[in-house]
Engineer: 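Below you'll find the structure I mean.
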Amino acid sequence: MKQQATGADAFAPLQQALSEGWTKALESLQQSAVQGASAFNGGGTPLWQLPPGATLPELPKVSIAPEKLQSIQQQYMAEATELWRRGLDARPESDRRFAGEAWGSNPLAAFSAAVYLLNGRTLLSMAEAIDADEKTKARMRFAVEQWMAAASPSNSLAFNAEAQKKAIDTQGESIAKGIQNLLHDVKQGHLSMTDESAFEVGRNVATTEGAVVFENEYFQLLEYKPLTAKVYERPFLLVPPCINKFYILDLQPENSLIRYANEQGHRVFVVSWRNPDESLAHATWDDYIENAAIKAIHLVQEIGGSKQINALGFCVGGTILSTALAVLAARGEKPAASVTLLTTFLDFSDTGILDIFVDEAMVAYREMQLGKGGLLPGMDLASTFSFLRPNDLVWNYVVGNYLKGETPPPFDLLYWNSDATNLPGPFYTWYLRNTYHENKLAKPNALTVCGEKIDLGRIDIPAYIYGSREDHIVPIGGAYASTQLLPGKKRFVMGASGHIAGVINPPAKKKRSHWTREDGKFPKTQAEWLAGATEHPGSWWTDWAQWLKGHAGKQVPAPKAYGNGKAYKAIEPAPGRYVKARA
């Protein structure tokens with residue numbers, strides 16, 4: 001008993017300090033609820049640099065039930081006591097950041113990692129125990145996760161045992177190389193995720209043979225050389241997202257969706273968005289719909305000599321394409337025989353983690369900042385998306401590049417990910433308010449675009465809707481929600497993995513699964529749909545190719561030249577100039 005009392009006495013100062021810290025921790029969490037997630041407002045401008053007239057949002061009211069707080073305190077004390085008892089024999093739990101042999105052989109580093117993990121678990125427990133609305137709790141969790149990622153001992157040379165060992169083994173060369181890497185990244189303006197010198201657009205990425213057959217200030221239209229003697233009579237148009245460059249669909253020949261569609265016998269056209277500069281600083285959502293999406297649809301009809309085309313939209317490109325089809329439907333036009341939507345939002349009720357960034361204060365601030373003109377820098381959006389997975393897409397490279405002096409290996413996908421694009425301010429703020437914030441696109445006639453009332457229910461054509469099971473940009477429920485809006489005959493397919501890896505999944509790789517449901521039923525939720533679905537090994541591309549074939553019409557001799565006679569001649573080889581412009 002005496003020994004136990006002595007132990008308790010020894011921890012009395014820790015208990016007192018801990019008790020005094022709970023109030024401050026709670027206050028910090030309360031600040032995090034509004035600033036932790038929205039301090040960068042979906043971009044790179046801090047709230048403390050608000051323009052004149054803008055105000056900070058009120059802090060939400062949060063509290064923790066005394067019994068929950070007491071339970072967390074007791075759990076923390078029990079684990080802290082055990083760590084203290086084990087001292088320098090303590091080891092961090094399974095966490096790949098601390099899994100290296102050097103961490104196990106450095107007691108001080110291992111102990112610091114174990115303490116860090118305990119503090120992180122405790123803060124997450126507090127965030128979960130908060131009595132607040134779901135959005136506030138989500139923001140708190142996000143803020144704590146950001147703190148945990150940034151505060152890791154692995155991010156500091158003073159604690160990173162692996163970086164220290166490498167510095168010793170290389171006689172300081174790794175530190176010198178790390179400084180060079182840091183200076184290089186500062187100069188280029190972003191964190192290196194891959195060896196960017198290994199890639200060049202048009203040389204070893206975006207290499208499918210084709211030509212630019214039209215261009216205006218918003219986009220270039222690319223036509224690809226047929227790879228079959230005959231092609232389907234209905235040409236095929238792909239609309240990629242304008243917040244990224246199109247060549248995610250054409251990275252390498254073996255994983256190119258563009259080339260795959262070409263090999264299936266389709267006459268393929270792709271929208272290559274211009275990377276906006278100051279000349280497009282006042283471009284609006286209507287401009288992008290009328291002068292880009294609708295223009296591209298009409299061009300493909302004319303060049304292909306077909307009254308109807310097949311069209312595909314990816315991510316925001318799917319939202320743009322669907323809006324354009326709704327505008328044309330309101331005008332009495334039905335230019336598409338089918339539409340394919342890949343990881344696309346039409347109903348923005350379930351936007352997942354991105355919801356924490358969007359509220360009235362944030363949207364109003366962005367409208368004040370960019371609504372009348374200006375550019376949202378591409379790196380602002382890129383940074384936001386990277387910090388959705390901070391350990392994988394930020395701190396992993398900070399540690400490797402700067403602390404260990406490593407050069408990340410060449411990876412085409414990460415090269416594309418670093419090739420950011422700007423957005424016109426009016427376009428961005430309209431999209432932000434009317435979709436993410438107010439979800440008006442899903443409400444019949446709630447929006448007027450290009451002078452027409454928008455009703456997605458008028459897009460009465462066959463639709464192939466794809467969602468990725470682990471997508472953190474367009475959650476699977478958000479992708480599935482389109483089945484409840486489009487009235488035509490539909491096919492929904494779920495693929496494994498995330499936003500990009502789930503989509504870019506060529507059949508030859510024989511990777512990942514996909515799920516289909518053959519009874520034609522589309523219950524209200526994706527979970528209900530999945531209960532009646534069947535898993536199939538491998539890529540969804542083959543399922544989609546078979547579906548698209550049924551809407552492509554008869555086969556005709558492949559064209560011998562690009563464009564359509566004298567009207568649309570080849571301007572320059574694909575991938576064109578626009579995609580090469582850096583933000």
Side-chain angles (χ1 to χ4, degrees), residues 1-39 58-99 103 107-156 158-159 353 356 387 390-391 395:
M1 292 293 292
K2 184 176 181 180
Q3 186 177 7
Q4 290 178 346
T6 302
D9 291 342
F11 273 92
L14 177 61
Q15 175 72 62
Q16 182 180 356
L18 180 61
S19 297
E20 292 173 354
W22 291 114
T23 301
K24 292 182 179 179
L26 184 58
E27 291 173 355
S28 177
L29 281 173
Q30 187 178 18
Q31 293 280 344
S32 299
V34 65
Q35 293 179 347
S38 59
E58 293 184 6
L59 292 178
K61 295 179 180 180
V62 297
S63 61
I64 300 180
E67 62 274 12
K68 291 182 181 180
L69 186 59
Q70 184 179 22
S71 175
I72 294 171
Q73 287 178 310
Q74 290 173 347
Q75 180 68 26
Y76 183 89
M77 284 306 303
E79 295 188 43
T81 301
E82 177 61 18
L83 272 182
W84 192 268
R85 184 190 64 77
R86 294 170 60 188
L88 296 182
D89 290 329
R91 292 292 180 267
E93 299 174 359
S94 56
D95 187 305
R96 65 180 182 177
R97 290 171 293 178
F98 315 118
W103 287 93
L108 182 60
F111 182 78
S112 70
V115 171
Y116 155 77
L117 290 172
L118 170 59
N119 289 337
R121 288 195 304 273
T122 303
L123 277 175
L124 277 175
S125 295
M126 291 182 68
E128 292 294 339
I130 290 292
D131 291 326
D133 63 89
E134 283 305 311
K135 189 161 188 168
T136 297
K137 292 183 72 170
R139 284 178 163 174
M140 288 182 176
R141 285 192 295 269
F142 181 82
V144 170
E145 288 164 357
Q146 294 299 314
W147 172 85
M148 289 175 62
S152 172
S154 59
N155 300 337
S156 168
F159 291 102
I353 188 64
I356 67 173
F387 274 100
N391 286 325
W395 298 109

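Both backbone and side-chain heavy atoms feed into the values below; hydrogens, waters and symmetry mates do not.
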Engineer: Give the minimum heavy-atom separation between Asn155 and Ala149, together with the two atoms involved.
Structural biologist: ND2-O, 2.8 Å

Engineer: Kindly compute the distance separating OG (Ser125) from CD1 (Ile64), expressed to the nearest 0.5 Å.
Structural biologist: 9.5 Å

Engineer: Minimum heavy-atom separation for Lys68 and Ala129, please, with both atom names.
Structural biologist: CD-O, 3.8 Å

Engineer: Any donor-acceptor pair under 3.5 Å linking the side chain of Tyr116 with the backbone of Met148?
Structural biologist: yes

Engineer: Atom CD1 in Ile356, atom CZ in Phe142: separation rounded to 0.5 Å?
Structural biologist: 4.5 Å

Engineer: What's the separation between atom CD1 in Ile353 and atom CD in Glu145, rounded to the nearest 0.5 Å?
Structural biologist: 6.5 Å

Engineer: Work out which heavy atom in Glu128 is nearest to a heavy atom in Lys137; give both atom names and the distance.
Structural biologist: O-NZ, 3.1 Å

Engineer: Are any side-chain N or O atoms of Thr81 and backbone N or O atoms of Met77, one a donor and one an acceptor, separated by less than 3.5 Å?
Structural biologist: yes

Engineer: Would you give the length of the straight line joining atom CD of Gln146 to atom CH2 of Trp395, rounded to the nearest 0.5 angstrom?
Structural biologist: 9.5 Å

Engineer: Atom CG of Leu124 and atom CH2 of Trp147: how far apart are they, to the nearest 0.5 Å?
Structural biologist: 9.5 Å

Engineer: Where is the tightest heavy-atom contact between Ser152 and Ser154, given as atom of each residue plus distance?
Structural biologist: OG-OG, 2.6 Å

Engineer: Starting at CZ of Arg141, measure out to CG of Leu123 and round the result to the nearest 0.5 Å.
Structural biologist: 14.0 Å

Engineer: Using the ring-ring contact (aromatic ring centres under 6.0 Å, His included) rule, pick out the option among Trp103, Phe159, Phe111 that qualifies with Phe98.
Structural biologist: Trp103

Engineer: Would you name the heavy atoms of Leu83 and Ala114 that are closest together and state the gap between them?
Structural biologist: CD2-CB, 3.7 Å

Engineer: What pair of heavy atoms forms the shortest contact from Ala65 to Asp131, and how long is it?
Structural biologist: N-OD2, 3.7 Å

Engineer: Tell me, do Met126 and Ile130 make a side-chain contact under 4.5 Å, heavy atoms counted?
Structural biologist: no

Engineer: Salt bridge or not for Arg97 and Asp95, using N-O below 4.0 Å?
Structural biologist: yes

Engineer: What I'd like to find out is whether the side chain of Gln75 reaches to under 4.5 Å of the side chain of Arg121, using heavy atoms alone.
Structural biologist: no

